[in-house]
A.B. asks: 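Sending over a structure as C-alpha cells; questions will come in a sec.
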Protein chains: 2
Amino acid sequence: MVKDVGELDWSLLQSFSAVVDAGSLSGAARALAQSQPTIGRHIKALEAALGVGLFTRAPRGLAPTSAGLEIAEMAREMQSAANRLRLIADGKADDLNGTVRITASVVTSHYVLPSIIADMRQAMPEIQIELVPSDTTENLIFREADIAVRMYRPTQLDVITKHVGDQPTAVYAAKSYLDRMGRPKMLKDATNLDFVGFDKSDLIIRVMADLGIKTTRDFFSLRCDQQAVHWELVRAGCGLGGAQTIVGDADPLVERLLDGQIQMQSLPIWLTAPQALHTNLRIRAVWDYLSNALAKQIGI
Amino acid sequence: MVKDVGELDWSLLQSFSAVVDAGSLSGAARALAQSQPTIGRHIKALEAALGVGLFTRAPRGLAPTSAGLEIAEMAREMQSAANRLRLIADGKADDLNGTVRITASVVTSHYVLPSIIADMRQAMPEIQIELVPSDTTENLIFREADIAVRMYRPTQLDVITKHVGDQPTAVYAAKSYLDRMGRPKMLKDATNLDFVGFDKSDLIIRVMADLGIKTTRDFFSLRCDQQAVHWELVRAGCGLGGAQTIVGDADPLVERLLDGQIQMQSLPIWLTAPQALHTNLRIRAVWDYLSNALAKQIGI
DNA sequence: TATGTGCTATTCATAATTGAATGGTAAAAG
DNA sequence: CTTTTACCATTCAATTATGAATAGCACATA
C-alpha cells in the first residue's frame with residue numbers, strides 16, 4: 001500500500017513477522033486469515049524493497065537467513081507493540097456488541113459452563129461468546145482469551161484476578177456400577193472396588209496416601225489423564241472416581257459416596273483477565289455474570 | 001489487507017502513526033506518499049476495528065483524543081522498531097544500485113559538493129545521489145540522510161565519524177569592491193572598510209575580538225545569518241567577509257586579503273553515517289569517495 | 001511401490017483499494 | 001469584505017491486490 005519512496009509498508013512487515021513465527025507461508029497465511037500466495041508475494045516484495053534475502057526456501061517451509069533472524073527482533077518488537085496497542089484500545093471500547101473469549105479447563109468447559117453461558121446469552125444477547133476449552137495456560141496478554149476460569153491462583157503479570165470461592169470435591173460412581181458391585185459404607189470396603197485413576201498424574205495417589213491408603217499406579221486398572229474423559233469413564237460404570245461436586249451432584253447417572261468418611265480437598269475457582277481490559281464494558285459484563293453464576297453454583 | 005478476525009492490519013497502524021505525527025490526513029498522506037482519502041479511510045477503518053474514537057476532526061486537521069494519545073505511544077514504538085529494522089536491513093544490502101542521501105550545510109552544498117558529486121557520478125553512475133542542503137542537524141537514524149558532511153564533530157549516538165581534516169579560512173572581498181575602495185595592506189587599514197557580518201550570530205565579533213579589534217553588531221552595516229547568502233553578498237561587492245579557503249580560492253570574483261596579518265581559525269570537516277549502514281556497499285563507496293575528494297581539496 | 005501430507009510457485013479472474021476530482025468549511029491575509 | 005490557503009468528506013473510474021485453482025517437490029506412511 002505504501003509506495004516505495006523511503007517508507008516501508010508495515011503490512012509487509014506484518015507478514016514477515018507471521019512467517020518468522022509460523023515457519024512457513026501457509027502457516028502465516030492461516031494465522032493472518034490470508035492466502036498463501038499473498039504472503040509469498042509480501043515476502044518477495046519485502047526482500048526486493050530491502051535488497052536482502054530474508055529466507056531460504058525449503059520443502060517444509062521457509063528458514064530465515066542470518067539477516068532475517070536479525071531483522072526478526074524488530075518485527076517481534078512491532079508485534080509486541082501492536083498487541084499492547086490492541087489491548088489498550090480494547091480496554092477503552094465502549095461497545096457492548098462483540099465477542100468475548102472465555103477459556104477454562106476441558107472439564108469446566110464441558111460440564112459447568114454450558115448452562116451458565118446459555119443463561120448469559122439470554123440475558124445479554126448482543127454479546128457473543130467464544131469458549132476455548134484448554135488444559136494449558138493461555139496467554140491472556142496476547143488475547144488468546146479475554147477471561148480465564150481457573151482452578152488455581154493465576155500468576156501472570158498485568159492481570160486482575162478474583163477468587164470466586166472454593167468448590168468441594170467428592171468421590172462418585174455410576175448407579176449402574178453400584179447396583180452391580182454394592183455400595184461401600186466404609187472407606188476400607190471401597191478399596192476392593194475399581195478406581196479410575198490417572199496415567200501420568202499422581203494426584204489421586206497422593207490424595208489416597210493422605211487418607212492412609214497407600215496405592216501405586218497399578219492399583220488403578222483403568223487410567224486416563226484427560227479429566228473430562230476420566231469423568232465419562234466413571235459415569236459409564238468403570239469404577240469410582242473423584243470429581244467436583246458441582247459436576248457430580250448435577251449428574252443423575254452417578255451417586256456420591258463415602259460422605260463423612262473422607263475429606264476431599266476443595267478446588268478454588270479463580271477468574272482472571274488482562275488488567276487493561278477491565279474497563280471494557282463487554283468483558284466487564286461477562287466477568288460479573290460468570291462470577292455471580294459460579295458463586296451461586298458452589299453455594300456462596 | 002488483514003481481515004478483521006483478531007489481528008489488526010498494520011497498514012492501518014502505520015497510517016495512524018503518520019497522522020499522529022503530521023496532525024492531519026493531508027500531512028500524513030504526503031509523508032507516506034499516499035492520498036488523503038486513503039489515509040482518511042484507514043483511520044476510519046481503524047476506529048471501527050478498535051471501537052474507539054481516535055481523533056476529533058477539526059478545520060486544521062485531526063486532534064487525537066485521550067485514547068488516541070495513549071495508543072500513539074505504541075504506534076511510536078512500532079515506528080521506532082520499523083526504522084531500526086530498515087537501518088539494519090540497509091546495512092546488509094549488497095546492491096550498488098540505489099540512492100545515497102548526503103546532507104551538508106548550505107554553503108558546502110552550494111560551493112563545495114557540486115564538482116565533487118559531478119566527478120563521483122561519472123566514476124559510479126549506478127549510484128544516485130540526493131543532496132540535502134541544511135544548516136540544521138539531520139537525524140541520521142531516521143534516514144533523513146545517509147551521510148552528513150559537517151564542520152563540527154558529530155555527537156549523535158550509534159554513528160561512525162571520520163575527521164577528514166581541517167580547512168583553513170580567510171578574509172575575502174570582491175575584486176570590484178577592492179578596485180573601488182583600495183586594497184588594505186594592514187589589518188588596521190581594513191577596519192575602515194565595510195564588513196559583512198552576521199545578524200544574530202556573534203561568530204565574527206568573537207573572531208575579531210581575538211585579533212584585538214573590539215566590535216559590536218553595529219560595526220557591520222550589512223548583516224545576514226544565512227552563510228551562503230552572506231558569501232554572495234561578499235562576492236557582489238558589499239564588503240569584506242570570511243570564508244573557507246576551498247570556497248574563496250576557487251572563486252574568480254574575489255581576492256584573498258591580509259594573508260600573514262591575521263590567523264583565522266580552521267574549520268574541521270567531518271563525515272558521519274549511521275553505524276549500521278557502514279556495511280552497505282553503496283554508502284561505503286560514497287563515503288570513501290567523499291572522504292578522498294574533500295581531503296584532496298584541503299591539500300591532504 | 002503407491003498414496004497421503006504439507007509445502008512453495010504460478011496463473012487468471014475477481015474483489016478490494018486507491019486516487020483524481022469535486023465540494024464544503026474554517027481560518028488567515030489583503 | 002473578498003481571496004487565498006489548508007483542511008476533511010465523498011464519488012466514481014482506474015489500478016492494484018487478492019485468492020481459487022493448479023502444478024510440482026519433498027517427505028512420511030502403508
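Here is the naming used below: chain letters follow the sequence lines, and residue numbers restart at 1 for every chain. Atoms considered below: every heavy atom in the structure, side chains included; atoms not considered: hydrogens, waters and symmetry mates.
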A.B. asks: Just by distance, no angles: are the side chains of B:Gln14 and A:Gln14 close enough, under 3.5 Å, to form a donor-acceptor pair?
C.D. replies: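 Absent: no donor and acceptor within the cut-off.
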A.B. asks: Return the value, rounded to whole Å, for the distance between atom CD1 of B:Ile43 and atom C1' of D:dC8.
C.D. replies: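 Taking CD1 of B:Ile43 and C1' of D:dC8, I get 13 Å after rounding.
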A.B. asks: What is the distance from CZ of B:Phe55 to C1' of D:dC7, rounded to the nearest Å?
C.D. replies: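 Rounded to whole Å, this separation is 15 Å.
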A.B. asks: Going by an N to O cut-off under 4.0 Å, is there a salt bridge joining A:Arg84 and B:Glu77?
C.D. replies: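 Here A:Arg84 pairs with B:Glu77 in a salt bridge, since their nearest N and O are under 4.0 Å apart.
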A.B. asks: Given atom NE2 of B:His42 and atom C1' of C:dA16, what is their separation to the nearest angstrom?
C.D. replies: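 Taking NE2 of B:His42 and C1' of C:dA16, I get 11 Å after rounding.
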A.B. asks: Could you tell me how far apart B:Leu32 (CG) and C:dG19 (C1') are, to the nearest whole angstrom?
C.D. replies: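 Atom CG in B:Leu32 sits about 15 Å away from atom C1' in C:dG19.
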A.B. asks: So, does A:Thr279 use its side chain to make a donor-acceptor pair with the main chain of A:Gly91 at under 3.5 Å?
C.D. replies: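 Looks like yes, one N/O pair under 3.5 Å.
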A.B. asks: Who pairs with B:Glu232 by side-chain hydrogen bond (donor to acceptor under 3.5 Å, both in side chains), at least two apart in sequence or on another chain?
C.D. replies: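 With sequence neighbours excluded, B:Glu232 shows a side-chain hydrogen bond (donor to acceptor under 3.5 Å, both in side chains) to B:Tyr111, B:Arg235, given in chain and number order.
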A.B. asks: So what is the end-to-end bend of the helix from C:dT1-D:dA30 to C:dG30-D:dC1, with 5 pairs used at each end and the value given to 10 degrees?
C.D. replies: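 Axis angle across the helix from C:dT1-D:dA30 to C:dG30-D:dC1, nearest 10°: 20°.
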A.B. asks: May I have the distance from B:Ile39 (atom CD1) to D:dC8 (atom P), rounded to whole angstrom?
C.D. replies: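 It is 11 Å, rounded to the nearest whole Å.
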A.B. asks: Hey, does the side chain of A:Asp146 reach the backbone of A:Arg101 with a donor-acceptor pair shorter than 3.5 angstrom?
C.D. replies: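 Yes; judged by distance alone, with no hydrogens or angles, the pair exists.
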A.B. asks: Could you check whether any side-chain N or O of B:Thr272 sits under 3.5 Å from a backbone N or O of B:Ala148, counting only pairs where one atom can act as donor and the other as acceptor?
C.D. replies: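 Not confirmed, B:Thr272 side chain does not pair with B:Ala148 backbone.
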A.B. asks: Taking the six-membered ring where the residue is Trp, are the ring centres of A:Phe198 and A:His230 under 6.0 Å apart?
C.D. replies: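 Yes; A:His230 has its ring centre under 6.0 Å from that of A:Phe198.
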A.B. asks: Hey, does the side chain of B:Ser35 come within less than 4.0 Å of C:dT18's phosphate (OP1/OP2), counting only N and O?
C.D. replies: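 False: B:Ser35 side-chain N/O out of range (4.0 Å or more) of C:dT18 OP1/OP2.
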A.B. asks: Do the charged groups of A:Arg30 and B:Glu7 touch, with an N to O distance under 4.0 Å?
C.D. replies: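 A salt bridge is absent here (no side-chain N lies under 4.0 Å from a carboxylate O).
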A.B. asks: For a quick check, with a 4.0 angstrom heavy-atom cut-off, what is the B/S/- contact string for nucleotides 5-12 of chain C, read 5' to 3'?
C.D. replies: -BSBBBB-
A.B. asks: Tell me whether the side-chain N/O atoms of B:Thr38 come closer than 4.0 Å to OP1 or OP2 in C:dG19.
C.D. replies: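 Looking at the OP1 and OP2 atoms of C:dG19, one of them is under 4.0 Å from a side-chain N or O of B:Thr38.
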